[in-house]
Amino acid sequence: MRALQKLTGRMKWTALGLLTLGLAAAGGAEMVQMMAPATTPLTATATIVDDQGQPQGTATFKQAGMAVAVTVEARGLTPGQHGMHIHDTRQCLPGVDPAVNEVVPFGAAGPHFDPGMSRNHDSPTAGNKYGHGGDLPMLTVGADGVGRASFMSDKISLTGMDGILNRTLLIHEKPDDYKSDPSGMSGARVRCGTIVRGAVATRDYPLPGVQTFPEGVTYDAKKGLIYTGSAATGSIYTVNPTNGAVNLFSEGGALGRSSALGLKVDSQSRVWVAGGATGTVSVLNSDGFPVAILETPKSPNRYINDLAPAADGSVYVTDSTRPVIFRVSPDLKLSAWLDLGNTPIKYGPGINLNGILATPDGRYLLTMQLNTGDLWRIDLRTKAVKKVMGGLMRGDGILLNPADPRTLYVARNAMGVVSKVTLSADSGTGTLVAEEPLQGLRFPATLTAVGTDVVVTQSQLDKLQGGTPETPFRLTRFKAF
Amino acid sequence: MRTPILTALTAALTFASFGSISSGSAQVAPSLLPAAQPRPITPPEPAVSATVTRNEPTALEFTPDKLARLKVPAGFTLSVMASGLGNARIMHVMPDGGIYLTRRQQGDVWYLKDVNNDGKIEAVERKQVAQNIKLAHGLDVKEGKLYVVGEKTIWVMTMAKDGSLSVPRVFADGFPDAGQHPARSIHWGPDGFLYATFGSTNNDAPTPNPEEATMLRISPNGQIREVYARGLRHTIGFGWHPVTKTLYGFDQGSDWHGDNIPPEELNVILRGKNYGWPFCYGDKQPDPYVNVGNIPGKITKAEYCAGTQSSTLNYTAHAAAIDAKFYTGTQFPAEFRNDAFVAYRGSWNRTEPSGYEIARVNFDTANKPTSITPFVTGFVFEEGGEWKQFGRVAGVAQYTDGSLLFTDDQSGVIYRVRYTGGN
């Protein structure tokens with residue numbers, strides 16, 4: 001009976017057309033925050049195909065404030081109700097259904113999109129902490145086999161943590177009971193469309209491996225090579241930015257080299273590797289063999305995350321769980337440089353200082369605190385610490401635009417966007433001016449400049465905690481915005 | 001402000017600097033592209049049974065009367081240089097004829113020298129030069145120093161003219177646990193780096209330490225290393241071909257998968273490559289007897305194996321290669337030059353025993369290996385329905401006169417093979 005009432009309610013929604021679903025309970029208030037605008041209004045379309053890949057309709061998505069206006073038209077379906085959801089990945093291809101461990105149509109689209117990590121299928125009005133963000137209202141199909149829907153939902157977005165770009169809209173063969181895991185007893189997957197944003201151009205560099213999880217990226221302009229590294233294995237790859245060719249540069253796994261996070265290239269074309277939980281800083285020569293593997297003090301909480309070569313030849317290193325900034329001197333000696341306990345930077349649970357860079361004038365470090373969303377400036381001479389700005393939750397890697405050092409880009413991993421910040425001349429204050437999901441980013445971790453373009457890693461680090469990553473793993477190149 | 005930027009952006013991205021947009025059309029070396037999507041759950045694999053045999057031939061102490069059982073090719077003569085040496089494993093011959101010998105069970109190093117040149121190393125020509133080196137095994141010499149690997153440490157000692165050694169110092173440390181495969185090996189490479197192999201702690205499942213089942217490449221000062229190659233279950237004998245400088249290694253395949261699976265491998269070892277253990281053997285063949293649950297990314301075994309390296313040659317399963325050396329001498333006929341000799345210590349996991357022999361790896365005129373053929377045989381035999389053996393061959397070395405030495409680690413014998421066919 002409850003299911004029937006829900007059905008009735010849903011029909012009212014479709015009759016009313018644009019109506020915001022689940023507004024009251026959406027998201028979880030702590031995750032709701034104002035996003036800066038993208039460089040162009042956020043719209044997307046999905047060409048809906050059947051399991052033979054034949055077009056059978058279209059869906060459109062338009063960002064409207066905190067919600068998304070959705071229209072769906074799908075053909076060739078049986079009359080009645082059909083479960084409809086946003087799924088996690090972008091691929092309308094056959095793939096494994098884990099419930100039966102067999103390849104099924106559109107199985108590669110993965111499970112329901114679940115940005116709130118609810119691990120629960122629920123109604124389209126449930127908040128994302130309580131039900132999958134991808135739980136949409138059912139599609140009603142008439143006697144002519146055509147289903148049409150037009151609604152708004154604030155469970156999904158075209159940007160930010162609930163962003164659905166480059167994911168899939170899936171229509172199932174049966175109605176959705178809005179409660180049974182994992183998919184409301186809605187049966188087989190019969191229609192699928194990848195949600196594609198127009199108007200923004202990107203180029204992907206696919207990477208090898210099924211467990212690559214690329215976190216760091218850096219560019220050696222002298223050699224014309226991009227380096228990226230695996231958080232899971234520590235292996236470092238080169239990517240030719242012109243033809244996309246990828247080669248293994250340095251195999252991971254040796255003592256002190258079993259993880260690679262932040263990467264930087266120095267003036268001698270050496271590649272610096274932040275070793276994450278291994279607690280090391282590695283310096284690799286031109287053939288990928290380490291010149292040095294520098295150990296930080298032993299601790300169960302080592303988290304060497306990123307590093308910043310400065311004009312004086314030193315390299316400054318963040319640790320995301322120990323409140324200290326390390327410095328590696330030009331003769332490759334590592335020491336604690338700044339005890340953050342005596343500064344306004346307060347470490348809390350989770351990942352603290354993360355991305356770090358040195359300003360081109362040689363005066364300051366800028367560093368991003370991921371768990372608080374605060375951007376900090378540290379004076380290299382006086383070690384004075386100043387908060388530049390807040391509001392950059394989940395800020396990970398940072399990059400100054402080489403052509404305009406007052407423009408800072410911030411990769412915001414769980415938010416799935418690159419934020420653009422305009423800094424004051426002394427880097428002491430900053431203003432968030434734009435936020436780009438591009439074509440949809442999967443846990444973007446770090447950034448590097450390649451000419452006037454920017455390359456970002458789609459690390460999928462969230463999938464290290466569970467779930468199945470999409471392969472190939474990718475770097476994504478875009479024009480500086 | 002925003003709109004003009006976007007217009008410029010779109011135009012530039014589409015036609016100028018990128019070439020293609022969002023199509024994923026960039027080139028990647030096919031071998032590096034993932035063969036498949038990672039799966040949400042372990043792929044199914046059919047059940048499979050194996051018939052396995054434990055067959056340790058009855059061990060017999062070496063006695064000189066057994067020499068008649070040993071066969072060498074026509075023109076070669078076999079003799080015993082020394083016996084009673086204990087767990088004689090790996091040898092390194094010095095230019096003056098001194099021989100450093102490791103004994104793994106005793107954890108020491110001996111210096112042997114046939115001072116009176118009678119072809120025998122009598123007790124007065126033997127001395128223990130290092131001790132308390134746990135699991136002492138592979139050894140090599142560079143610039144007046146002897147390097148020995150034991151368990152988790154590589155040691156270095158300064159050599160004196162009389163063969164004696166300084167107190168061992170740590171050269172490199174923190175290597176993986178020994179577990180089931182404690183026979184470690186080291187050789188200085190042509191690039192001046194030290195190459196070392198560390199076998200798996202177990203038989204046929206992935207292990208958490210990424211330095212296990214690898215060949216490591218170690219900086220000249222011992223301080224830094226990289227994983228040079230992985231997926232090597234237990235590669236002990238390895239070396240560089242004298243002409244091509246190609247690095248070859250002999251890998252021991254898994255136990256308990258039947259009489260013929262997996263074969264023993266000869267691999268060309270290349271930097272950054274994966275040689276398949278525990279999931280694949282030979283020519284990227286999925287091993288049906290290995291569980292799939294631990295494959296990274298939950299891809300299928302076939303998909304995993306497609307990303308690994310094939311062996312170059314295979315040999316009878318379970319023969320258990322230990323040491324191997326290239327022959328660079330002139331005593332043997334010219335066709336032997338730049339071939340390799342390998343000690344197959346012998347099986348315990350096969351109905352009809354394999355190994356218990358010194359084999360020759362034949363290289364053709366283009367210096368490519370073409371086959372592995374028995375060279376010294378007869379250590380294992382069937383008598384009255386019972387398999388017996390009187391030698392577990394381990395170390396291989398070329399002596400100063402170009403004869404071939406090899407050890408039996410069971411009875412502590414050093415054998416010598418000379419070519420006498422010309423006389």
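Lettering follows sequence order; numbering is per chain, from 1. Everything numeric here is computed off the predicted structure, so don't read it as measured data.
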Legend entry - Residue, of A:Glu251, A:Arg257, A:Glu470, that accumulates the most heavy atom pairs under 4.5 Å with chain B: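 Winner by heavy-atom pair count: A:Glu251.
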
Inset, instruction - Select, from A:Val450, A:Leu255, A:Ile293, the one with the greatest count of heavy-atom pairs under 4.5 Å involving chain B. - result: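 Among the listed options, the one with the most contacts to chain B is A:Leu255.
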
Inset, instruction - May I ask you to say whether A:Asp88 pairs ionically with A:Arg167, meaning some side-chain N is under 4.0 Å from a carboxylate O? - result: yes

Inset, instruction - Would you mind checking if A:Lys479 and A:Glu436 are paired as a salt bridge, meaning a charged N to carboxylate O distance below 4.0 Å? - result: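 No, this pair does not count.
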
Legend entry - Per-residue contact mode, B:Asn221 against chain A (heavy atom under 4.5 angstrom): neither

Legend entry - Proximity breakdown for B:Pro176 and chain A, heavy-atom pairs closer than 4.5 Å: neither

Legend entry - Pick from B:Ile224, B:Thr214, B:Thr42, B:Ile41 with the largest number of heavy-atom pairs that fall under 4.5 Å of chain A: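 Heavy-atom pair counts peak at B:Ile224.
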
Legend entry - For chain A, the option from B:Pro44, B:Ala229, B:Gly174, B:Ser219 that forms the most heavy-atom pairs under 4.5 Å: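 Highest number of heavy-atom pairs under 4.5 Å: B:Pro44.
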
Inset, instruction - Applying salt bridge (charged side-chain N to carboxylate O under 4.0 Å, His left out), name anything that partners B:Glu226, two or more places apart in sequence or on another chain. - result: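 Once residues adjacent in sequence are excluded, the partners of B:Glu226 under the salt bridge (charged side-chain N to carboxylate O under 4.0 Å, His left out) criterion are B:Arg217, B:Arg271.
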
Legend entry - Residue pair B:Gln37 / A:Thr471, side-chain donor-acceptor N/O under 3.5 Å: yes

Legend entry - Aromatic contact, B:Phe193 with A:Phe289 (centres under 6.0 Å):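 Yes, the ring of B:Phe193 comes within the 6.0 Å limit of the ring of A:Phe289, centre to centre.
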
Legend entry - Heavy-atom side-chain proximity of B:Asp204 to B:Asp287 below 4.5 angstrom: no

Legend entry - Which portion of A:Val291 sits near chain B, non-hydrogen atoms under 4.5 angstrom: backbone

Inset, instruction - Please look at A:Gln91 and chain B and tell me whether the side chain, the backbone, both or neither of the residue comes under 4.5 angstrom of a heavy atom of that chain. - result: side chain

